[in-house]
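Here the structure is laid out as structure tokens; the discussion comes afterwards.
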Amino acid sequence: MQIGIVAPGRDVRNWSSAISRHSGIEVQVWPEVTDPHKVELAIAWNPPPGLLAKFDNLKLISSLGAGVDHIISDRQLPDVPVVRIVDENLSRDMSHYILMSILNYQRGTYRHFLNQQIRHWENSKNPNRNLKVGILGLGVLGKAVSKMLVYHGFKVIGFSRSPKTIEGVISYENQEGLRTLMSEIDILINLLPLTRETKGILDMKLFAMASRPFYLINVARGGHLVESDLIKALGQGLLTGACLDVFDEEPLPANSPLWDHNDILVTPHVASITNPDTVVAQILDNYHRVKEGRELINQIDLQHGY
Ligand code: NDP
Ligand code: OXD
């Protein structure tokens with residue numbers, strides 16, 4: 001048995017060395033796969049469509065991260081289970097990124113930074129201490145983020161497919177719930193998986209539901225956001241600004257208008273990055289489970305798409 005890593009454009013040397021530290025299993029890294037028949041476990045990030053089908057002895061596919069949209073969009077996906085990463089470090093890093101974004105927004109850090117470039121002294125007003133934060137997606141990451149925000153004194157409202165009970169968090173489902181959430185928030189965080197239902201959810205229709213200008217933080221997927229609607233909505237004052245970590249096309253092309261927009265902060269998909277050392281054990285555990293016919297952990301429901 002061998003492990004195949006398929007992650008075009010990503011440096012996966014840390015994955016190969018983590019796997020050898022945790023097991024003696026041989027690793028083949030695409031495109032240098034010489035014997036696809038030996039690959040029983042594929043660890044994938046954005047695999048070229050049709051490629052995983054070439055591993056004719058495959059037993060399991062694991063995403064290299066929390067999301068699986070980049071794997072299950074493959075129309076020739078082999079008929080084997082797909083699992084994803086759930087890891088405390090991912091949740092903590094995501095929570096820290098969100099806290100940093102909110103505090104930078106609340107305290108006007110970027111205005112101070114820009115003012116420093118021109119030696120301009122401008123005292124800001126008192127920070128708004130009553131910011132209401134809406135979170136789309138109350139899964140593993142959304143839940144961790146919501147608890148952290150409640151701990152830091154923010155009012156938090158969440159939205160998910162099924163009802164949730166999280167201390168200090170009001171939670172909504174369905175279209176009516178989404179409308180209510182939008183009418184109450186000052187900041188909107190997107191932590192939904194990218195599926196047929198959620199693609200393009202961050203569009204003008206949603207932005208127009210807000211009852212006051214709000215700040216958008218998109219850390220889920222670029223496919224959730226209709227970029228032209230964001231720029232239009234910023235121009236119309238529906239939004240006060242946006243912090244974007246994920247994009248339809250990554251790396252973000254040099255000619256994207258998002259780079260130059262004064263009210264948009266761009267970060268290069270770094271909100272929360274999987275550390276192979278802390279997750280290789282769960283991936284291998286899942287491989288053994290599949291071989292022994294036991295229940296898998298963090299398995300994707302292909303019907304729901306997450
Ligand atoms: P989960 O699968 O644990 O949670 C998904 C949440 O979204 C659930 O609460 C689910 O509802 C809800 N949801 C799904 N579909 C809908 C829908 N149609 N309407 C309403 N709610 C819906 O995912 P994670 O929290 O682990 O991760 C979320 C996403 O974050 C990932 O898919 C990935 O794209 C992104 N990510 C980004 C990173 C970055 O660095 N920028 C790092 C890691 C992840 P329910 O609970 O009812 O099922
Ligand atoms: C992930 C990501 O899905 O990094 O883990 O976006």
Side-chain angles (χ1 to χ4, degrees), residues 7 9-10 12 15 43-47 62-73 82-98 100-101 134-148 156-166 169 171-182 188-202 206 217-225 243-248 250-252 265-276 278-279 282-283 297-306:
R10 255 177 112 133
V12 291
W15 279 87
I43 302 178
W45 183 266
N46 227 352
S62 173
S63 172
L64 203 137
V68 291
D69 47 287
H70 51 93
I71 294 173
I72 65 176
S73 55
V82 179
V83 293
R84 73 189 192 101
I85 300 299
V86 171
D87 181 46
E88 270 179 21
N89 294 293
L90 269 189
S91 300
R92 198 188 47 223
D93 288 354
M94 181 58 81
S95 300
H96 287 174
Y97 179 97
I98 298 288
M100 173 188 73
S101 307
I135 305 179
L136 305 183
L138 287 174
V140 172
L141 298 178
K143 220 176 269 176
V145 167
S146 69
K147 288 182 185 164
M148 175 278 300
V156 182
I157 315 167
F159 172 72
S160 52
R161 231 158 40 89
S162 54
K164 295 283 176 292
T165 311
I166 306 168
V169 178
S171 130
Y172 296 116
E173 317 95 57
N174 65 45
Q175 272 304 305
E176 203 189 316
L178 183 58
R179 197 170 277 283
T180 311
L181 178 145
M182 288 305 295
L188 182 68
I189 300 167
N190 178 34
L191 269 168
L192 289 165
L194 184 62
T195 65
R196 273 192 305 272
E197 279 151 42
T198 64
K199 190 172 181 334
I201 189 171
L202 304 175
L206 182 86
I217 301 174
N218 186 21
V219 278
R221 285 292 179 263
H224 289 121
L225 176 67
C243 169
L244 308 177
D245 185 54
V246 286
F247 304 90
D248 229 358
E250 295 183 3
L252 184 63
L265 177 71
V266 167
T267 60
H269 202 144
V270 289
S272 184
I273 300 170
T274 313
N275 175 358
T278 63
V279 304
Q282 68 173 260
I283 296 176
I297 48 168
N298 310 322
Q299 183 171 1
I300 295 317
D301 178 334
L302 288 168
Q303 284 310 319
H304 289 140
Y306 68 100

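One-based numbering along the sequence shown. For ligands, and for the atoms within them, numbers begin at 1 and follow the listed sequence.
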| query | For the residue pair Ile300 and Val68, what are the closest heavy atoms and their distance? | reply | CG1-CG1, 3.6 Å
| note | Between Leu138 and Gly158, the two heavy atoms sitting closest are CD1-CA, 3.7 Å
| Within 6.0 Å of CD in Glu250, more than 12 heavy atoms from elsewhere | yes
| query | How about Arg179: does its CZ atom have over 12 heavy atoms from other parts shown lying under 6.0 Å from it? | reply | no
| Measuring from each atom of ligand 2, which residues have a heavy atom under 4.0 Å away? | Trp45, Gly65, Ala66, Gly67, Arg221, His269, Ser272
| query | Which pair of non-hydrogen atoms, one from Val82 and one from Ile71, has the smallest distance, and what is that distance? | reply | CG1-CG2, 4.5 Å
Under 3.5 Å: N or O atoms of ligand 1 paired with protein N or O:
unit_1	atom_1	unit_2	atom_2	d
ligand 1	3 (O)	Arg84	NH2	2.9
ligand 1	3 (O)	Val140	N	2.9
ligand 1	9 (O)	Leu138	N	3.0
ligand 1	9 (O)	Leu138	O	3.4
ligand 1	9 (O)	Gly139	N	3.0
ligand 1	11 (O)	Arg161	N	3.2
ligand 1	18 (N)	Glu197	OE1	3.3
ligand 1	21 (N)	Arg161	N	3.1
ligand 1	25 (O)	Val140	N	3.4
ligand 1	25 (O)	Leu141	N	2.8
ligand 1	26 (O)	Arg84	NH1	2.8
ligand 1	26 (O)	Arg84	NH2	3.2
ligand 1	34 (O)	Ala220	O	3.4
ligand 1	34 (O)	Arg221	NH1	3.2
ligand 1	40 (O)	Ser272	N	3.0
ligand 1	40 (O)	Ser272	O	3.1
ligand 1	41 (N)	Val219	O	2.8
ligand 1	41 (N)	Asp245	OD2	3.0
ligand 1	46 (O)	Lys164	NZ	2.7
ligand 1	47 (O)	Arg161	N	3.3
ligand 1	47 (O)	Ser162	N	2.6
ligand 1	47 (O)	Ser162	OG	2.5
ligand 1	47 (O)	Lys164	NZ	3.3
ligand 1	48 (O)	Tyr306	OH	2.5

| Test side chain to side chain contact (heavy atoms under 4.5 Å, CB included) applied to Trp15 and Thr274, step by step | CA-CA 10 Å; Trp15 279 87; Thr274 313; 3.9 Å; yes
| query | Any chance NZ of Lys164 has more than 12 other-residue heavy atoms, nucleotides or ligands included, within less than 6.0 Å? | reply | yes
| Among Ile135, Ile157, Leu206, whose side-chain contact (heavy atoms from CB on, under 4.5 Å) with Leu181 holds? | Ile157
| Donor-acceptor pair between Tyr97 and Thr267 side chains, under 3.5 angstrom | yes
